[in-house]
Amino acid sequence: MSTPTYPNYSATRPLHATSHRLNTTIPSASAVAYPVTHDKIVSPVNTRNFIDNEAVESQASEWIDLHDPATNNLITRVPHSTQAELKAAVDSAAKAFPGWKSTSLLTRQQIMFKFVALIRENWDRLAASITLEQGKTFADAKGDVLRGLQVAETACGITTQMTGEVLEVAKDMETRSYREPLGVVAAICPFNFPAMIPLWCLPIAAVTGNCMVMKPSERDPGAAMIIAELAREAGFPDGVFNIVHGAHDAVNFILDEPRIKAISFVGSDKAGNYIYSRASANGKRVQANLGAKNHAAVLPDANKNATINAIIGAAFGAAGQRCMALSTLVLVGEAKSWLPEIVEKAKHLVVNAGFEEGADLGPVISPQSKERIESLIQSGVDEGATLFLDGRGYKPEKYPNGNFVGPTILADVTTSMKCYTEEIFGPVLVCLNVDTLEDAIDLINSNKYGNGVAVFTNSGATATRFQRDIEAGQVGINTPIPVPLPMFSFTGNKGSIAGGSGHYFYGKAGLNFFTQLKTVTALWRSEDAVATRATTVMPTHS
Ligand code: NAD
């Protein structure tokens, strides 16, 4: 097989022998041949369903055009999978479940080792798919893959995580607990982490013996399709991992399909609350992570340079489209005098298409999203905030048609303004002023969300007080974006998780989510042991 001739490929080696079986948005991509520019794709190929370990062309009558956010060129068309295709995916998973459940844990672990190795091998290819479809810079897209990969790596330790408990509860009687898989489970994913969030779900679900139907975001399903190909190559049996596409109808199917026992959702409040209620009412186990407004309290005693650098990276990285983006600054006392320096640093960030060398942030996902972000900036101005830095209307020279918004800073914001009450999900930092640490804690705790928070200070006592009194689920001390690595769980709180569900992604909590405890109490009387020596004396005790 010869090397492809697509102009936007990094084709350094012959193609993978099996890659033609799959559409991963781009035809014939492999670990070493994938797009590395935003050049127009001459003949975009449709995204396929992935059912029974095969990438199958959808028979859909309705399709979603997917555009490169840097150019708005068409990349692929994503199907609204038909009802028959949605059912076929669940049929496949349900058929695979008994065999997968009874496959030994050590065999599943071996497959997971291979899966991890393949993700590493295809790391750049996955990142390239993310940059092309989602828009984030290539370096940042590599981080997206890494954070998912780490969940898969941790899942390889399943043999020590799955051990149950045992206790002799009476003479010759033991109670033993086992963790059993749930059956067919589903994942519904957002656009902003096309590799990480599918990998928050699949590895733990699969290694514990569940079979999964995933609906990636209809806005960037390419990374999930590559993950499916890698799962097959690693040895996932047919039906253990399936992918369907679409929007509301596909989601409603998943919510109502009785064979699906549990749903993992990450995304916006509106979709998440709806999904949580309908799926819970249908008796399913649901973990649902929602929106956020992550605050940082900045104390004037903090290390100024390190703090400003941390804020800039966390507010504007990924164009602010991270659920843990640091979007809200609470400047305590004299820390407000740091604003001009924050603005100066933000001005120097390079806004460009994700494959361009030196880009610090790329475009936002869609023209609609850009419009919404720009209107929220305007609402801040209209309500009396001070626009210190305005990124509206920014166009990189080479990419005049992309969905770009430059770093934007609104100061003197108050808690009643719309730019404060709504999650903006763009490269916009809103800044509020307070006098004391207590004021900062009160302000942050009054916000409906509770995903992440950070405090910047050189005082251990201040940090300890903050950490104790703050209600957000993930606290950073002199570090922004405190997303825990997968030996812990992602512990959002308050309005950032649906229904106060108490379920958390990955870590021990993730293992609990994807397994059902079973206890077995067994009585094996020692008197009943066979082939024992005969006794000739009368028993004198019980
Ligand atoms: P979204 O809610 O629009 O989409 C998420 C998924 O839900 C998609 O698969 C989509 O097809 C589906 N969906 C959307 N609207 C629906 C509806 N009305 N009914 C049924 N299904 C629907 O979210 P998004 O824009 O893709 O992602 C951004 C959001 O996700 C932000 O709010 C962000 O904070 C949040 N997010 C949260 C976390 C977290 O861990 N808390 C992580 C990442 C993203």
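We count ligands from 1, going down the list as the structure has it; atoms in each ligand are counted the same way. Keep in mind that this is a model prediction, so the values were computed, not measured.
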Say whether [X] and [Y], considering side chains only, have a donor N or O and an acceptor N or O under 3.5 Å apart.
| X | Y | result |
| --- | --- | --- |
| Asn122 | Tyr34 | no |
| Glu356 | Tyr399 | yes |
| Asn282 | Asp256 | yes |
| Thr82 | Gln59 | no |
| Asp68 | His38 | yes |

Any heavy atom of [X] closer to ligand 1 than 4.0 angstrom?
| X | answer |
| --- | --- |
| Ile197 | yes |
| Cys189 | yes |
| Phe490 | yes |
| Gln321 | no |
| Lys270 | no |
| Trp200 | yes |
| Phe265 | yes |

What about [X]: any of its N or O atoms under 3.5 Å from an N or O on ligand 1?
| X | value |
| --- | --- |
| Glu218 | yes |
| Gly267 | yes |
| Gly291 | no |
| Glu423 | yes |
| Lys215 | yes |

Pair [X] + [Y], salt bridge at N-O below 4.0 Å:
| X | Y | value |
| --- | --- | --- |
| Glu218 | Arg77 | no |
| Asp238 | Arg232 | no |
| Glu57 | Arg48 | yes |
| Asp382 | Lys418 | no |
| Glu153 | Arg120 | yes |
| Arg322 | Asp144 | no |
| Lys494 | Glu471 | yes |
| Glu422 | Arg372 | yes |

Taking the cut-offs as 6.0 angstrom to the six-membered ring centre and 45 degrees off its axis, would you call Lys136 and Phe193 a cation-pi pair?
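Judged by the rule, Lys136 and Phe193 form a cation-pi pair.
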Using a 4.0 Å cut-off to any heavy atom of [X], which atoms of ligand 1 qualify?
| X | answer |
| --- | --- |
| Ile188 | 6 (C), 7 (O), 9 (O) |
| Asn192 | 43 (C), 44 (C) |
| Asn451 | 41 (N) |
| Asn289 | 39 (C), 40 (O), 41 (N) |

Heavy-atom pairs closer than 4.0 Å: do any link ligand 1 to the side chain of Arg322, the backbone, both, or neither?
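No part of Arg322 is near ligand 1 at this cut-off.
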Applying a 4.0 Å heavy-atom criterion (strictly less than), which segment of Phe425 is in contact with ligand 1: side chain, backbone, both, or neither?
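The part of Phe425 near ligand 1 is the side chain, not the backbone.
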Closest non-hydrogen protein atom to [atom], residue and atom name please, with distance?
| atom | result |
| --- | --- |
| atom 17 (C) of ligand 1 | His248 NE2, 3.6 Å |
| atom 25 (O) of ligand 1 | Arg219 NH2, 2.8 Å |
| atom 21 (N) of ligand 1 | Val251 CG2, 3.4 Å |
| atom 15 (N) of ligand 1 | Ala271 CB, 3.5 Å |
| atom 23 (O) of ligand 1 | Ser268 N, 3.4 Å |
| atom 27 (O) of ligand 1 | Pro190 CB, 3.4 Å |
| atom 38 (C) of ligand 1 | Cys323 CB, 3.0 Å |

Residues 219-228 side chain polar contacts: donor-acceptor under 3.5 Å, at least two apart:
none

Of the listed options (Tyr449, Phe191, Tyr274, Phe193), which comes nearest to atom 19 (N) of ligand 1 when hydrogens are ignored and any heavy atom counts?
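The option holding the nearest heavy atom is Tyr274.
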Would you mind finding which of Asn252, Leu290, Ile254, Asp249 brings a heavy atom closest to atom 37 (C) of ligand 1?
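Going through Asn252, Leu290, Ile254, Asp249 one by one, Leu290 has the nearest heavy atom to atom 37 (C) of ligand 1.
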Kindly indicate whether atom 4 (O) of ligand 1 is approached by any protein heavy atom to under 4.0 angstrom.
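Under 4.0 Å from atom 4 (O) of ligand 1, zero protein heavy atoms found.
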Could you list the residues that satisfy ring pair (Phe, Tyr, Trp, His ring centres under 6.0 Å) with Phe404, not counting sequence neighbours?
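Partners of Phe404 under the ring pair (Phe, Tyr, Trp, His ring centres under 6.0 Å) test: none.
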